[in-house]
Amino acid sequence: MKMYCRFKEDFQWGVATAAYQIEGACREDGKGENIWDRFCHIPGNIAGGADADIACDFYHKYKEDIKTVHELGIPCFRFSIGWARIYPEGPDKINEKGLDFYEQMIRELERYQIKPVITLYHWDMPQWLQDIGGWLNRESIRYFTEFCETMIRRFDGRVDKWITLNEPWVCAFNGYYWGDFAPGLKDFSAALKAAHHMLCAHGSVVRRFREKRYQGEIGIVLNLCPKDPASESKADKEAASIDDGFSNRWFLDPLFKGNYPEDMVSWYAGQQVVMPEICEGDMELISQPVDFLGINYYYVEFAKKCGGRWPLYFDTTTKDYPVTAYGWAIVEEGLTRLLLRLHEEYGAPRLFVTENGASFLDKVEEDGKINDDNRIDYLRRHIRACYQAAQQGVRLEGYYIWTLLDDFEWSTGYQNRFGLIHVDRDTLRRTVKKSGHWYGKVIRENGLTGEADDMF
Ligand code: FCB
């Protein structure tokens, strides 16, 4: 199906990455240990026994990679700062060499007039902070604010957008409840507490940003998706609403309405979950206005009531939808629906899709090419879904693909390839995939208007 989609003149196209997933150089230039370094080296934690000690070696190859971003014509580059490069041993001493790396990298972006969009926390907390409780320790709010200010002060005026946190839900629940992500804890109430402190830390950074009148914009990135019932049964409908409360509203409501959702507060109380301590002023701190909301969108989940799983009692399925190599259901209309909902229920904030993409088992052809038509199809469907939301009045201002390079995908190691650029795991050689060239065309045409849509 063809559809003519031309976005607004100033629509921002970009690509998203994260420090730990690409940089490598895990012991270089004074970098300290972080929770993912620790977690990766515990046998059984990462598929294939992989680690990110070298990852894509972006730390040494950033010039080559940024040049490719430029050649593809991608105007915005989202990346994160490795906190343990800046504060390797504790909160008192800054590692200048860590700052230097980001200085050099940003200069390289400036050289090509690529806009930096910086995530301040993409999950790699320094181990020294984890040793005193990590996000369970309220002091983390203060340490995070200091770290962020160090970065913001240093690069003030050169950065278009600052993102405080990436996906606090994943960080809290995978990290502190399911335990499949660092730091690997398994305690539901602890996850809620970690999430509360993250939200406060976000608010504290926004407050500091406003007080000091730093330049640019500041916002947060949430992973959000529609939670649909797996069937029309009453039980599945209730499961979907709990899943939505647990994963979407638990973050959206405090940020945009200044309170945790009532239905979930009483659900948790009924399950003897310990609520985090909410200190005076916390909810005001959390709900300070942001300049934009970033959305990471990958799939829709279908909730099914199930018996024995305290405290939420649901499972999720993909129904009959086609799935990516990660097993995530491909449902592009879910993105349109999500964007409309945010617009209608959360006060029409300015929105950016800060991550969207798909992992597939790419095949390198004999001529060395990677013809990833399935990824192009996924991206095209989702770009159209964005367009449809924008047509209906949603203030959607940009779209970023996850991700530039085939990278370290957390506990799945290197199995999931999301990149527009293929990375050979033995040689680390880069090859731009067909999707990379295709995305360049989309950007040139500012949408799906002709050639980019004709490629299929
Ligand atoms: C998101 C993360 C990102 C990446 C993608 C696939 O949850 O923000 O780092 O791993 O998923």
Side-chain angles (χ1 to χ4, degrees), residues 14-24 34-36 39-40 45-48 50-52 55-56 58 77-83 117-125 161 163-178 180-182 191 195 198 202 219-225 227 247-248 251 293-301 316 323-330 334-335 338 352-362 372 374-375 378-379 382 399-421 423 435:
V15 68
T17 65
Y20 198 71
Q21 297 180 270
I22 57 174
E23 283 178 4
N34 67 37
I35 56 174
W36 274 92
F39 188 76
C40 285
N45 277 351
I46 310 293
D51 60 48
C56 301
F58 180 79
F77 186 65
R78 178 180 168 217
F79 63 97
S80 78
I81 309 285
W83 187 349
V117 173
I118 301 188
T119 314
L120 291 155
Y121 189 71
H122 205 124
W123 310 350
D124 46 357
M125 176 172 275
K161 285 189 181 52
I163 293 164
T164 53
L165 303 174
N166 179 68
E167 303 189 353
W169 179 81
V170 170
C171 201
F173 290 96
N174 290 76
Y176 288 77
Y177 170 50
W178 291 298
D180 58 336
F181 280 18
M198 280 185 238
H202 153 79
I220 187 169
V221 165
L222 301 178
N223 56 298
L224 298 169
C225 71
K227 304 289 188 174
S247 26
N248 296 325
F251 293 85
L293 170 68
I295 300 141
N296 294 351
Y297 177 86
Y298 290 93
Y299 51 76
V300 172
E301 265 182 351
T316 58
V323 295
T324 65
Y326 217 130
W328 292 347
I330 304 174
L335 177 54
L338 171 70
F352 289 81
V353 172
T354 35
E355 285 181 27
N356 175 239
S359 71
F360 287 110
L361 303 171
D362 296 326
D372 54 341
N374 41 11
R375 181 170 294 103
Y378 177 100
L379 296 171
H382 287 79
Y399 173 86
Y400 289 66
I401 288 181
W402 184 268
T403 182
L404 185 68
L405 302 161
D406 287 342
D407 64 354
F408 174 76
E409 283 296 334
W410 311 112
S411 49
T412 69
Y414 296 94
Q415 278 174 4
N416 280 298
R417 291 179 176 271
F418 279 89
L420 296 174
I421 300 176
V423 178
S435 57

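First listed ligand is number 1; within each ligand, the first listed atom is number 1.
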Self-check item: Subset of ligand 1 atoms that lie under 4.0 Å from at least one heavy atom of Asn166
Solution: 8 (O)

Quiz item: Is a side-chain donor or acceptor of Thr17 paired with a backbone partner of Ser80 at a separation under 3.5 angstrom?
Solution: no

Quiz item: Which word best sums up how the rings of Trp36 and Phe39 line up, parallel for under 30°, tilted for 30 to 60°, or perpendicular for over 60°?
Solution: perpendicular

Practice problem: Tell me which one of Tyr326, Phe418, Tyr298 gets a heavy atom nearest to atom 5 (C) of ligand 1. | Solution: Tyr298

Exercise. For residues Asp124 and Ile35, determine if any side-chain heavy atom of one lies less than 4.5 Å from a side-chain heavy atom of the other.
Key: no

Quiz item: Ring centres of Tyr20 and Trp123 under 6.0 Å apart?
Solution: no

Practice problem: Take Trp178 and Trp169 through the test ring pair (Phe, Tyr, Trp, His ring centres under 6.0 Å) and record every step on the way to the result. | Solution: CA-CA 12 Å; Trp178 291 298; Trp169 179 81; 5.7 Å; yes

Quiz item: Which heavy atom of the protein is the closest neighbour of atom 7 (O) of ligand 1, given with residue, atom name and distance?
Solution: Glu167 OE1, 2.6 Å

Quiz item: Would you say ligand 1 has an N or O under 3.5 Å from any N or O of Trp402?
Solution: no

Exercise. Considering heavy atoms of the protein only, find what lies nearest to atom 10 (O) of ligand 1 and give residue, atom and distance to 0.1 Å.
Key: Glu409 OE1, 2.5 Å

Quiz item: So, is Glu355 polar-close to ligand 1, with some N/O to N/O distance under 3.5 Å?
Solution: yes

